[in-house]
Amino acid sequence: MTPREPTIYDRTKIETDEQCPMYRGDGPDPCTNTAEYLFVYEASIDPDDDRRRNCLACADCVPEPTIS
């Protein structure tokens, strides 16, 4: 069974001094870029659970919204 990616609802550009908390690459290794976006994602894959969470990301790591 292939793991399902969470739904990405939206993203917006922000100004912050926070570091991007995402991981990338083959390691994966922590990203060291400054965060530039805040995105909203699905917190649970349970269809009866509609909770959402926010996360910071840099321009290289921010996911595209998967719904419009």
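Quantities reported herein were computed from a predicted structural model and do not represent experimental measurements.
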Expected output: side-chain Gln19 to main-chain Asn33 donor-acceptor under 3.5 Å: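 Side chain of Gln19 to backbone of Asn33, a donor-acceptor pair under 3.5 Å: no, none is there.
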Rounded distance [0.5 Å steps], CZ in Arg52 versus CG in Asp10: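 Taking CZ in Arg52 and CG in Asp10, the distance rounds to 10.0 Å.
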Inter-residue atom distance Glu15.CD - Thr34.OG1, 0.5 Å rounding: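 With rounding to 0.5 Å, CD (Glu15) is 12.0 Å from OG1 (Thr34).
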Minimum heavy-atom distance [X]-[Y], with the two atoms named:
{"X": "Cys55", "Y": "Tyr41", "result": "CB-CE2, 3.9 Å"}
{"X": "Leu56", "Y": "Ala35", "result": "CB-CB, 3.8 Å"}
{"X": "Cys58", "Y": "Cys20", "result": "N-SG, 3.4 Å"}
{"X": "Pro65", "Y": "Tyr9", "result": "CB-O, 4.0 Å"}
{"X": "Phe39", "Y": "Ala57", "result": "CE2-CB, 3.8 Å"}

Ile45, CD1: over 12 other non-hydrogen atoms inside 6.0 angstrom: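 12 or below, so no.
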Partner residues of Glu64 under the salt bridge (charged side-chain N to carboxylate O under 4.0 Å, His left out) criterion, sequence neighbours left out: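 Here the qualifying residues are Arg11.
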Partners passing side chain to side chain donor-acceptor pair (under 3.5 Å) against Glu36 (at least two apart in sequence or in another chain):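 Listed in chain order: Lys13.
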Beyond-backbone contact of Leu38 with Thr16, side-chain heavy atoms, under 4.5 angstrom: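 Counting from C-beta outward, Leu38 and Thr16 never come under 4.5 Å.
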Hydrophobic cluster identity match, Val40 and Val62, side-chain contacts under 4.5 Å: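 No; Val62 is not reachable from Val40 via cluster members.
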Pair Asp60 + Arg24, salt bridge at N-O below 4.0 Å: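 So Asp60 pairs with Arg24 through a salt bridge.
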